[in-house]
Amino acid sequence: MTRLFLSISNLKGVGAKRQAVYAKLGIATPYDLLYYLPRDYRDYRDPVPVSETEDGIAAVVRVTITAKKRPFYARGGLQIYGLESEDEDGTPLSIRFFNNPYTYQTMKPGEVYTMYGKITVKPSGREIHVPTLLKDLNVPIEAIYPQTTGLTSAMVRTNITECLALMDEQPFETLPADLRSRYSLMPLPRAMHCIHQPENLTDVEDARRRLAFEEMLRLQLGLHLLAEKAQRETDYPMDSSTDLAPYYESLPFTLTDAQQRAIAEIVSDLCSGAPMNRLLQGDVGSGKTAVAAAACYFTAQNGCQSVLMAPTEILAGQHYQTLCGFLRPLGIRVALLTGSVKGREKKSIYAEIADGTAQVIVGTHAVFQKAVEYARLGLVITDEQHRFGVAQRAALAEKGGIPHKLVMSATPIPRTLALLMYGDLQVSILDTKPLGRLPIKTYAVSGAKMRPRVINFMKTELDKGRQAYIVCPAIEEGDSELKAVTAYAEQMREGLLAGRRVDILHGQMTPQEKDDAMARFRDHETDVLICTTVVEVGVDVPNATVMLIEDAERFGLSQLHQLRGRVGRSGYQSHCILLTEHPTDEARERLRLMSSTTDGFELAQKDLELRGPGDFFGNMQHGLPPMKLATLTDTRMLHEVQEAAAHILQTDPLLQSDAFRALYFDISRLFAQNGENGLN
């Protein structure tokens with residue numbers, strides 16, 4: 001095996017301590033370290049005239065040393081070494097080093113230095129303190145790496161120089177020459193040199209393009225291989241003549257066209273003979289549960305069981321109540337299984353699951369514990385809500401042979417992003433809302449003086465018997481101006497909301513405390529719930545009609561839309577108020593967009609354009625390799641990647657030929673590192 005894939009401890013200077021720091025960053029080998037990419041570059045080729053430097057701002061300058069001053073001691077024993085210099089325009093610059101005689105001694109009058117450091121402007125002139133020096137321009141552009149305790153950019157640069165030498169000794173390439181030629185991609189060794197030690201910034205862009213292309217391609221092909229790994233025949237093929245009319249007729253409302261279309265797509269999958277792998281993607285309040293209930297009814301009519309797994313007990317309880325309302329009138333037995341179900345009741349539910357009496361089982365992770373045995377598990381539904389990834393979906397599927405899988409997601413995702421994130425799934429989209437739901441009125445307001453007016457409006461809703469949420473982006477007092485939940489709640493209880501029943505909810509509470517707080521709010525034991533974004537995954541409270549989001553400029557569009565979706569769940573008119581005290585131009589644009597549309601898919605596309613894909617990948621798909629460079633708004637590259645993936649899969653579906661062996665190795669390594677069971 002090439003030394004690129006041996007332990008990083010083989011690199012010079014990497015002892016146990018530095019190896020441990022690298023391990024925390026997910027870096028185990030020299031090859032991993034090559035993908036620890038610079039966050040920025042320092043360009044020494046274009047220095048700033050000293051006269052144009054600004055106080056407190058770091059700059060690159062080129063100066064000639066004119067004099068060396070005698071070292072002296074300051075208070076506390078600090079030894080100060082000073083030099084005088086000037087740039088080519090004759091503008092003077094004082095240089096200061098502290099407790100560093102070595103650098104001071106090496107610098108000589110008459111020599112020219114390029115240096116980088118923070119400039120201090122004083123009445124006596126400009127100074128630069130502890131600058132980074134370049135006596136010559138053999139490294140014209142210097143890579144700057146993300147800061148990590150115990151690891152400096154200089155350490156990383158030294159280690160990466162050795163990694164690049166290893167790659168030069170035994171070149172490793174994942175993409176065949178014909179594919180690189182077709183899409184104008186530089187070879188991998190050259191891309192690594194250009195991104196870590198560029199001679200110009202054009203090299204950096206070309207290298208980023210090569211690595212971003214491969215990043216997207218690995219994800220596409222890896223998800224395809226995961227899907228291929230699954231057995232192609234389900235143990236539970238279903239009968240397409242099964243009549244859904246009783247389900248439709250029992251509903252107290254008419255399903256939307258989008259819901260009926262999604263049900264038809266699911267039924268087609270259930271009857272195809274192959275295991276269903278489908279994503280049911282619907283905006284907040286689009287009626288996903290009614291579609292899921294139809295799938296459960298269809299499955300029960302075919303003699304199979306269904307499981308619906310939710311991320312929290314309180315959400316599982318909500319789904320249980322909803323499914324009971326849909327299915328019990330049709331004679332379907334629905335059971336609830338969560339971690340808090342104990343003793344005799346738990347044994348009874350286990351027995352009903354094992355003998356098939358329980359036809360639909362709703363619960364948390366408890367539904368796939370070892371003690372749970374299913375009679376005939378034909379359909380697994382996960383209410384993803386940011387909590388379950390590819391590996392978790394597979395874990396429950398293993399409980400029942402090869403069942404069908406349906407994933408529900410309430411986060412609108414642009415279709416291009418969905419194709420990458422859920423490449424192992426087919427996608428059904430609910431793009432309309434059920435009848436009777438009034439659009440949520442959204443207002444963007446700025447200035448602290450508006451808060452009392454906003455709270456007074458909230459109190460008029462409370463006086464009607466309604467409830468309200470207030471979302472804050474921090475949970476405790478700190479140096480920032482963000483409204484801390486605990487302190488904010490105390491201020492509200494004693495001030496603007498005195499006499500009202502106020503409760504709090506935040507991420508540092510235990511799961512039981514969170515469930516209790518949501519249950520109190522659901523049961524109208526509290527009027528106002530002051531919370532962090534943890535409420536994003538909350539229970540359905542139709543009586544809540546006001547959502548106030550403090551410091552709204554801190555949130556992306558998709559998150560604001562998710563929070564707004566906590567209200568508007570009944571026939572009451574609901575309101576979302578976005579309050580900000582210090583909006584930037586970009587924040588104003590986001591808040592304007594929020595006020596102008598309630599279409600989550602439109603907002604998701606705008607969010608992708610404004611903020612990039614990081615939030616989507618960071619929250620939604622645990623277990624997948626992270627996207628470091630790919631820009632999913634680059635539709636041309638995305639099209640090229642999909643075209644390349646289709647060509648590769650047509651040529652070699654399992655990537656087993658010599659041409660794709662290195663690519664397969666790289667994909668397998670990445671998926672295994674990020675929590676998957678691997679592709680083998």
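Numbering starts at 1 and runs along the sequence shown.
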Inset, instruction - Would you kindly say whether Gln318 and Asp540 are connected by a side-chain donor-acceptor distance under 3.5 Å? - result: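 No, because no side-chain N or O of Gln318 sits under 3.5 Å from a partner of the opposite role on Asp540.
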
Heavy-atom pair of closest approach, residues [X] and [Y]:
X      : Y      : result
Met594 : Leu557 : CG-CD2, 3.5 Å
Leu563 : Met547 : O-CE, 3.1 Å
Pro452 : Ala448 : CD-O, 3.7 Å
Thr149 : Val21  : O-CG1, 3.7 Å

Inset, instruction - Give me the ring orientation class for Tyr145 and Tyr36: parallel if the planes are under 30° apart, tilted from 30 to 60°, perpendicular past 60°. - result: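 Parallel: the ring planes of Tyr145 and Tyr36 meet at under 30°.
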
Inset, instruction - Look at the rings of Phe457 and His575 and say which category their plane angle falls in: under 30° parallel, 30 to 60° tilted, over 60° perpendicular. - result: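 Answer is perpendicular, since the angle exceeds 60°.
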
Legend entry - Candidate list Leu505, Val485, Val471, Thr312, test side chain to side chain contact (heavy atoms under 4.5 Å, CB included), partner Val534, passing option: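 Exactly one pass, corresponding to Leu505.
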
Inset, instruction - Tell me, please, whether Tyr116 has Arg42 positioned over its six-membered ring: NZ or CZ under 6.0 Å from the ring centre and within 45 degrees of its axis? - result: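 Cation-pi check for Arg42 and Tyr116: passes.
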
Inset, instruction - List for me each residue that meets side chain to side chain contact (heavy atoms under 4.5 Å, CB included) alongside Lys464, sequence neighbours excluded, and say none if there are none. - result: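 Checked Lys464 against side chain to side chain contact (heavy atoms under 4.5 Å, CB included); matches are Glu461, Arg466.
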
Inset, instruction - Give a yes or no on whether the backbone of Gly556 and the side-chain of Gln559 come within a donor-acceptor separation of less than 3.5 Å. - result: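 It does not hold such a pair.
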
Legend entry - Sidechain N-carboxylate O distance under 4.0 Å for Asp527, Arg500: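 Salt bridge: no.
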
Inset, instruction - For Arg39, look at atom CZ and say whether over 12 heavy atoms of other residues, nucleotides or ligands are found less than 6.0 Å away. - result: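 Yes - once you tally the heavy atoms of other residues, nucleotides and ligands closer than 6.0 Å, there are more than 12.
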
Inset, instruction - For atom OH of Tyr572, decide whether the heavy atoms of other residues, nucleotides or ligands shown that lie under 6.0 angstrom number more than 12. - result: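 Not more than 12 within 6.0 Å, no.
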
